[in-house]
Structures are given as C-alpha cells and as structure tokens.
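Worksheet: the structure to be examined is printed underneath.
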Amino acid sequence: MHYHPENIEPKWRSEWIKNELYKVYNDSEQPKYYVLDMFPYPSGAGLHVGHPLGYIASDIFARFKRLKGFNVLHPMGYDAFGLPAEQYAIQTGVKPAISTETNIKRYREQLDNIGFSYDWSREVKTSDPEFYKWTQWIFLRLFNHYYDNTLQKARPISELINHFEKNGNIGIEAANSQDSMFTAQDWIAKSPKEKDDVLMNYRLAYRKTGYVNWCEALGTVLANDEVKDGVSERGGHPVEKKAMMQWSLRITAYVERLLNDLNTLEWTDALKAMQRNWIGRSEGAKMFFNVSDKAFKLEIFTTRPDTIFGVTFMVLAPEHEFVSLLTIPENKAEVDAYLEYVKTRSDVDRMSEAKEVTGVFTGSYAIHPFTGKRIPIWIGEYVLIDYGTGAIMAVPCDDERDNNFAKKFNLDIIEIIDRTEYPGALPHSKIGKIINSDFLNGMDVQDAIAFMFDKIKSMGIGEKKVNYKLRDANFSRQRYWGEPFPIAYDSEGVSNALSDDQLPLELPDLDDFQPASGGKSPLARVESWIDQFNGLTLETDTMPGFAGSSWYFLRYMDADNTNEFASKEALNYWKDVDVYIGGTEHAVGHLMYSRFWHKFLYDLGFVPTTEPFKKLINQGMITAYGYYAENLRLEDGRMLIGNSCDLANADNVNVGSPIRLAYITDYLDPQGRIYQQAFTEYFNAFGKDYFVNGDISKYHWVEDEKGEFYFTVNIVQEKMSKSKYNVQNPDEIVSRYGADCFRMYEMFLGPIEQSKPWDTKGIDGVNRFLRKYWSLYFDENGWSVNDITPTAEEYKILHTTIRKVTDDIERFSFNTCVSAFMMCVNELKRLECNKKEILNALNILLAPFAPFITEELNQLLGNKDSVHKASYPIYDEKYLILDTVEYPICVNGKKRDLVTLSSSLTQKEIQELAPTLGNVKKYIEGKDLQRIIVVPGKMINLVVKS
RNA sequence: GCCGAAGUGGUGGAAUUGGUAGACACGCUGGACUCAAAAUCCAGUGCUAGCAAUAGUGUGCGGGUUCGAGUCCCGCCUUCGGUACCA
C-alpha cells in the first residue's frame with residue numbers, strides 16, 4: 001500500500017462538499033473565533049503560489065481552532081471591482097462582469113484544489129448588487145453624517161441643520177473643510193445650492209474641488225495610497241496634480257482615534273509604525289502674518305515658533321489661493337511663467353531629478369509680528385498645497401530647504417540658534433540655545449517653543465495646532481467598474497441622496513468602455529441610466545476599489561441577509577475579526593479605510609467593537625527570481641539600453657539601468673542576425689523563455705568603441721505578477737505532489753511573515769515525509785495498525801510533539817510545526833511504532849496541515865466521524881518526564897563532561913550533590929570553587945577561579 | 001534623510017524567558033539493493049588541524065555586561081520593506 005494523493009484527494013473534496021463539513025452557524029453555544037484572509041482581486045492570471053501562503057496559514061489556524069472547540073468563521077470572497085477588468089474590457093470588449101465571473105470561477109477551482117475549509121455559503125463578491133447595495137447604503141450614512149469634535153463621534157447631518165437654523169454655525173465643533181462663520185439668518189437666506197455647498201463642508205462623504213492625483217493613462221483619479229513613487233500603483237503610469245470636483249471621505253475626522261486605537265491592537269510594530277507614519281501627526285502652531293498694504297492675513301503652520309526671529313522670507317505653494325492677490329503687476333509675467341512651468345511638471349519629475357531649487361518673488365511683503373520688518377513673499381514648488389496651510393515662514397538658518405532657497409535667491413540668513421554648547425547636536429535639531437532673538441535670547445530651544453505657544457496666543461497672532469499628513473480620502477473614480485454613487489443632482493447642482501429603498505443602484509449594461517469625453521466615466525454616455533430618476537441627474541463617477549473592501553468582513557457574518565448588511569444578532573455574536581492575515585501592501589490603504597468605516601459604523605451603533613481586526617498577521621511575499629541583463633553590449637560594440645518598465649521612455653534611461661531579459665517575438669533587427677544571436681545565447685544559459693513586454697524597436701542603441709559582446713547579470717527577487725511573466729501556478733504542484741504536500745511545503749519554506757523566493761527544490765523532503773507517515777500504517781501485508789498499549793518512549797514522542805505543535809500554531813510558527821512532525825515520524829519509524837493510540841492522536845494533530853491524508857487514514861482507523869470534527873489532543877506532562885537526565889558539566893560555561901542524574905532531583909538537590917560526584921570532583925580539585933549554577937534539565941555549571 | 005525589520009553552514013531555516021548553536025529539511029559524499037536507472041534504506045556532513053579519540057574556532061564588524069551572549073547594552077557595516085521637499 002503506497003501513498004497516492006491522486007486517489008485520496010478528489011474523493012474527500014467531493015465528500016466534504018456533500019456533507020457540508022465546513023458550514024458554520026451563527027447560533028452556536030461554542031465560543032466564536034473569526035479567522036479571515038484578505039480576499040483576492042480575481043485577476044486574469046489566476047492564483048499564483050504566493051496567494052495561498054497566507055490562505056494555508058489561516059486555514060491551518062482555523063482548522064486548529066475548530067478542533068480546539070471553537071465555532072470558527074472562516075469565509076472567502078472576491079474583491080471583484082477594479083481597474084484591470086475594465087482595462088481588459090477596453091482592450092478586448094469582454095464585459096467586466098463576464099471576465100470577472102470567469103476569473104472567479106478559475107480562482108474557486110484553484111482554491112478548492114488546495115483543500116481550504118471555507119464556508120462557501122457565505123461567499124461575497126463586491127461587484128454583486130446584493131453586496132454593493134450595502135456599500136451604497138453605508139455611503140449614504142457617511143453622506144448624512146458629520147463629525148462632532150466635542151463628542152468625538154459621528155452625528156446625523158439633520159442635527160447640524162437644526163443647529164444652523166437656530167444659531168448658524170456658531171458653537172459647532174465639527175470636522176470641516178472651511179471655517180467661515182455664519183448666523184442663523186445667513187443660513188436661512190441661503191439658496192438650496194448654497195446650503196448644499198455649506199453642508200458639503202461637514203459631511204463625512206462630501207464633494208469638493210481639490211488637487212487630486214490624476215492619471216491620464218488610466219483616465220481616472222487615484223487615492224494617495226494608490227500612487228507609489230509618483231506613478232500609479234496599477235500599471236506604473238505617470239500621475240499629475242489636477243484640480244477637480246471629486247467625492248471625498250472625511251477620514252481626517254477620525255485621525256486621533258485612528259492613531260490612538262493602534263495601541264489596542266495586536267499588530268506588528270512595523271505595521272503600526274507605517275500607519276502612524278501615514279497619519280503623520282505633528283504638533284506645532286498656526287500663525288497669522290499681516291501683509292503689507294493688504295487687508296488679509298497669511299496663515300502658516302510651523303513646528304518651530306521659536307525660530308520666529310530667523311524668518312527672512314515666506315513661501316507659498318504655487319497653487320495657493322493668495323498667489324494672484326499677492327503678485328504685483330511688475331512681477332506678473334514672471335510669476336505666470338513660473339506657474340506655467342510648475343504645471344508641466346508631473347510628480348515623477350518633482351521626485352526623480354536631483355532637488356533643483358525653483359521659485360519666484362511675488363513682489364509683496366509680510367510684516368514680521370515682532371520686528372515689524374518687511375518679509376518678502378515668494379512662491380516655491382517645495383511648499384506643498386495640501387500640507388499645513390500651503391504657506392510657510394522660512395527660517396533659512398535652521399531648515400535645509402529654506403537654506404537652499406535662500407542661497408539660490410540671495411535672501412537674508414539670520415543665525416538664531418547656538419549649538420556650540422551641544423557638540424553632539426545635529427543641525428536643525430530641536431537642541432540649542434536661542435540667540436539674536438530679542439526676548440527669546442538665552443532660552444533653550446524646547447523652552448522657547450513652549451514660551452512662543454503662549455506668546456502668540458496672548459497676542460492673538462496664532463495658537464497651538466496639531467497637523468497631520470493624512471488627507472481626506474479621494475473617493476471618485478472616472479470609471480465604469482465600481483459602485484455607482486447613490487447620488488443625483490437637480491438642475492441647480494444640489495446633491496440628493498437616493499433613498500434606501502432605491503438601492504441597489506445598479507450599473508447599466510454597457511458595450512463601450514472607453515472613457516467619456518471630459519475625463520468622465522463611460523457612464524456619462526448612458527443617458528437612460530443617468531436620467532432614470534425623473535428630473536435628477538445621477539453622479540457618473542464610481543467608487544474606488546477600497547469601498548467594498550472597507551466593510552466586506554462584516555457581510556460574511558450574515559451574507560444572505562436582504563434586510564440589513566448583517567443582523568444585530570450576527571454582528572453581536574461574531575463581533576470582530578480575531579485573526580486577519582494578509583500582505584503588508586495594504587498597510588495604509590485597506591487597513592486604514594476599514595478601521596475608519598468600522599469606527600463610523602460603531603458611532604452609529606451598528607457594530608459592537610471600535611476596531612475591526614484584533615490581531616493581524618502579515619504574510620511575506622513569495623517572490624520570483626528576476627534576471628536582468630546589465631550593460632548588454634553587442635558584437636559590433638553598440639550597447640543596448642532600456643528598461644522593461646517603461647519602454648516608451650527608453651531614451652531617457654541611463655546606461656547601466658537593468659533591462660528585463662526578453663524573448664523577442666517580433667524582433668525588429670535593425671541590421672542583421674547578430675542581435676538575435678546575442679539574445680539566444682543568453683536565454684539558453686538559463687534554459688527558460690522570457691517575453692518582452694514591449695516593442696524592441698523602442699530600445700535605444702548606443703555606439704561603443706569595443707567590439708565585444710558581453711553583459712552582466714543582476715539577479716533580483718521580485719513580486720510575482722502577470723506582467724513580469726514569472727508566475728508560478730500552484731495547480732502544477734498540486735497535481736504532481738498533492739494538496740497536502742503543497743500546503744506543508746509552503747509552510748515549511750520559512751516563517752510566514754518573511755518574504756522568500758519560490759523554489760521547489762525542497763519539496764521532495766515534504767513528499768518523503770508524507771510517504772513515510774503513510775507507511776507507519778502499513779507493512780508489506782497491508783494495514784498493520786494494532787491495539788497494543790504504547791510504551792513510555794512512544795508516549796513521550798507523541799506528547800512532546802503535541803506540546804510543540806500546539807504552542808507553535810498559537811504563535812503562527814508553522815515551519816517549526818512541520819519540522820516537529822518530521823522528527824516525530826522519524827522517531828516512530830525508528831521504533832517501528834504502529835500502535836493505534838499513538839497514530840490516531842498524531843493523525844488529528846496533523847489534520848489541520850494535511851487535511852486529505854489524515855481524513856483517509858482517519859477512516860481507515862475506523863473512526864466514523866471526520867477527522868476535522870475530532871477533538872484536538874492535549875499533552876500530558878506525565879509522559880514528558882524521564883527517569884534520568886543527562887547533564888552536561890560545564891566549567892565556567894564551557895562544556896567538559898556529562899553526568900546522568902535522576903530526573904526527580906530538584907535544583908537544590910543537584911547543587912548539593914554535584915561536588916560529591918566523581919566526574920565533577922576532577923574539575924574542582926585544586927581550584928577555588930565559587931559556586932555551582934544548575935539549570936534544571938539543561939546543565940550544571942561550575943564557576944571556578946583558577 | 002527619517003521610520004521599521006533582519007543579518008546564523010553550500011542552501012532554506014531552528015534555538016519560545018541569556019543556558020550543550022546549527023533542530024528539521026535540501027544539497028553533497030560514501031555505502032546497500034539493482035544487469036542498470038529511478039525509488040528506497042544506512043552512514044557522514046559548520047570551519048581548521050589530526051588516521052583517530054580529540055583540540056581549537058565559530059551566529060555581519062568592533063567593544064562591553066555576565067560563571068555563561070545568536071539572544072542584553074554601546075558604536076558601526078550591509079540587506080530588505082515603508083516613506084519623503086510634510087515646514
């Protein structure tokens with residue numbers, strides 16, 4: 001009898017489905033446990049070996065918890081809205097709904113192959129109207145609430161309107177996007193459109209014109225976390241700042257709670273740090289500067305009010321609203337030219353090149369609040385419009401950027417900090433003594449900061465203020481494949497929320513997915529859809545990918561509910577996610593938005609917890625090796641330069657940048673076969689095919705004096721992705737070795753939170769283990785398990801393994817679990833142990849890792865019920881105790897000898913006994929024995945002075 | 001630059017609170033079985049010296065604390081991840 005997974009696995013797969021083995025009920029008496037995976041985007045490439053890493057870990061954990069007696073919710077679904085499906089539709093005409101369905105089917109097959117214990121009756125798809133009905137429903141609640149800063153809670157917008165009618169906005173402490181005051185009379189006098197505009201300043205989901213990340217290539221706006229290094233996360237297209245009317249979510253209202261509640265979470269420090277970083281809290285002061293000959297004041301934010309006497313100029317962001325007001329006629333031409341120049345620069349330009357200092361003088365002056373001096377007001381792109389107030393007071397002596405700016409444009413620099421008494425202090429650090437600063441002279445920097453907070457407050461020119469890097473989340477996408485906004489506008493442009501019974505507002509069926517003119521979504525062309533609510537015009541933007549993913553984990557709790565997103569009972573029973581497993585790539589996007597939505601739903605009384613994910617495990621990426629040729633020279637001496645990521649811009653790439661190796665399909669050889677030859681040689685060296693993802697003719701050829709062909713190879717680890725053609729498919733491994741082997745091998749690779757390159761060279765070891773495990777149950781005559789009572793040694797092996805595996809699963813150390821199983825089986829094999837009591841317990845122990853082989857053996861062992869419904873074995877200390885223990889004898893920490901002692905001896909007894917032992921005596925004879933250190937079970941250490 | 005994580009054999013990695021470093025596996029070497037191969041099994045395998053027992057040495061580098069340091073402290077180096085004209 002040999003181990004044949006291909007005979008075992010399909011059988012149990014269908015058996016489990018038939019018996020609804022993994023169905024979970026909400027009315028259990030058992031304690032609940034919620035184990036969740038970050039649901040995948042069903043891409044056309046299918047699952048690769050990286051996806052299941054986290055899924056396998058969570059599946060093992062879920063199965064373990066089930067065997068431990070918990071009612072475990074372990075669901076799966078699909079983040080089914082998104083750009084790739086729509087891009088695909090534009091290219092091929094296949095409708096996103098269709099391609100998404102196809103991809104989901106494929107994902108499901110692949111997932112089923114691996115033997116996950118998901119309760120598929122709770123499956124969710126964010127693109128399903130029955131699901132996005134509730135996404136829209138939550139959006140409407142966000143739209144209809146504002147954030148009360150005093151209560152630190154979301155409140156209905158109707159309360160705010162009541163207040164406006166009685167008192168205007170006087171006495172309102174709310175998160176808002178403006179702070180001009182109005183009275184009750186002002187409010188009543190406003191037109192509906194004006195009222196709508198005012199309310200937009202308070203709503204948690206609101207519309208405003210702002211500078212957004214516009215991606216021309218994708219034809220849509222992106223959120224900050226969807227932009228990486230100045231290009232779009234999806235596709236790597238350039239992104240520019242553009243002023244547009246957009247929906248936003250007021251996540252900044254929750255910023256303090258999002259920051260403080262991090263302390264309550266069992267997340268890694270790294271991840272919490274990322275979130276803190278993204279939130280970017282900094283304490284400082286806002287200050288107002290009078291402007292010469294102008295009625296308005298200029299507001300700035302600074303963390304260093306102590307440096308006020310070092311201020312020699314001011315700088316505004318180019319987009320600042322005062323730019324035109326402050327530009328004097330003589331400087332207008334120059335300023336306009338500068339603004340024009342700034343407009344042409346994308347984010348990549350601003351980031352990539354060496355920091356070049358640019359700016360222009362407006363011609364206006366601010367007045368220094370203490371010295372009364374005139375301070376020139378400049379415009380510079382290093383000041384960002386969306387941080388602080390978009391304007392700064394420049395202190396060139398103590399800020400590197402201000403310093404560079406001052407040097408470039410010959411502006412004054414006044415030294416105001418003396419660090420000579422603090423030799424270790426770095427320049428620009430908050431350490432030193434203030435000089436040249438009137439009443440601040442001689443003060444310590446820290447004291448001066450505190451002093452200035454009070455000073456500016458008492459003078460009425462400013463006050464303490466906390467600033468954040470976190471911005472409100474851009475929530476509009478000019479795309480088709482997303483949730484439509486349940487918002488319609490009247491002829492005045494006043495926004496109207498649809499009523500709950502009009503939900504879901506479904507996407508219309510479409511044939512043409514090209515963006516509509518004016519940077520609008522394809523929906524803008526579908527008049528019948530836009531005008532379906534008589535007289536009103538529907539919003540044509542759709543929600544971004546993170547809309548559905550911000551709350552999907554709640555839907556699993558009660559996935560079929562048609563009256564609520566989930567019932568109160570379900571929400572109160574399952575509460576929150578106990579363990580959430582997923583990649584770090586969602587550290588600041590999905591995880592931040594989910595926390596925000598969850599807190600909002602908590603404020604409204606829908607969910608019982610303030611945080612959605614108690615514990616978070618970050619699985620590392622499974623990477624692939626990427627082979628890049630560097631300095632690839634051809635036989636005629638010319639050098640091939642290029643960069644696979646952006647072939648269109650290959651001309652701009654520097655010599656030496658890596659080129660992705662490519663197998664050329666439509667190779668345009670400019671001269672002859674020689675180039676073809678060069679590539680072929682390279683590829684043969686690796687015995688693999690590579691594909692070029694662009695047109696070879698766009699590479700740039702450079703002359704070189706040497707007539708040799710050579711290259712250097714750079715091997716890097718990189719993300720698996722379809723675009724890199726390095727995807728490893730799990731199905732091949734499963735069909736060759738079986739799902740059990742695949743699961744255990746992925747766990748055996750190393751700690752789950754670590755990134756590691758995919759490599760199959762160790763898989764035989766795991767396969768050998770499974771065969772060895774199987775062979776414990778059989779001999780040459782077949783089934784050989786017997787009922788003989790196990791020996792003490794056999795019990796010891798079993799119980800050591802139970803203890804090790806139980807502890808290691810709890811701390812998500814699955815690779816060491818696999819090692820423990822291997823060691824256990826090796827030992828049992830050595831003892832030729834085929835006793836039922838041992839094997840039955842071991843089989844349950846192994847079940848979470850290898851569900852198929854254990855289920856088969858469980859049946860052969862004569863157990864009627866599934867092994868996945870068994871009770872997890874508990875280890876018993878009594879089996880771990882040995883009669884004798886071999887102690888190493890160490891002298892001053894160095895191992896010298898061994899001594900065998902009874903295991904019943906206490907630490908103290910050994911300490912007293914040790915000097916009398918013969919083989920200890922010889923080490924202490926003639927020496928000065930200071931003391932004896934006994935580590936029970938580990939060692940006896942003699943501390944001697946020689 | 002700043003924040004975070006990590007550096008251990010030829011390789012992946014183990015060592016849970018400071019206590020025999022290298023578990024478990026891959027690979028490699030030798031052997032058994034076989035006409036042969038595959039598979040399987042047995043033995044060896046950090047490095048240096050030695051036929052060997054054994055001795056010395058050894059967890060990125062340099063110091064320190066300790067009877068004892070991969071683990072703790074101080075100062076560096078390297079790699080990876082995040083982030084950046086954030087005032």
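Just so we're on the same page: letters track the sequence lines, and every chain starts at 1. Keep in mind that this is a model prediction, so the values were computed, not measured.
Pairing partner, rU45(B): rG27(B), with both Watson-Crick or wobble hydrogen-bond distances short of 3.5 Å. As the counterpart of rG75(B), rC61(B) is assigned, both hydrogen-bonding distances of the Watson-Crick or G-U wobble pattern falling under 3.5 Å. Remark: rC2(B) base-pairs with rG82(B); criterion is Watson-Crick or G-U wobble with both hydrogen-bond distances under 3.5 Å.
A donor-acceptor pair shorter than 3.5 Å can be found between the side chains of D402(A) and Y382(A).
Electrostatic pairing of K465(A) and E463(A) does not count as a salt bridge here, judged by no charged N lying under 4.0 Å from a carboxylate O.
Distances from the side chain of F301(A) to the nucleotides rC24(B), rA87(B), rU11(B) place rA87(B) closest. The side chain of P751(A) approaches rG13(B) more closely than any other nucleotide in the set rG13(B), rC86(B), rC24(B). Side chain of M823(A), nearest nucleotide from rG82(B), rC86(B), rA23(B): rA23(B).
Classification of rG9(B) as syn follows from a glycosidic angle within 90° of 0.
In terms of position along RNA chain B, the nucleotide closest to Q754(A) lies nearer the 5' end than the nucleotide closest to the other residue of the pair Q754(A) and R771(A).
Applying the 3.5 Å distance criterion, the base of rC86(B) shares no donor-acceptor pair with the side chain of R281(A).
Because its NZ or CZ atom is both nearer than 6.0 Å to the ring centre of W267(A) and within 45° of the ring axis, R595(A) counts as a cation-pi partner of that residue.
One N or O on the side chain of T389(A) and one on the backbone of E299(A) form a donor-acceptor pair closer than 3.5 Å.
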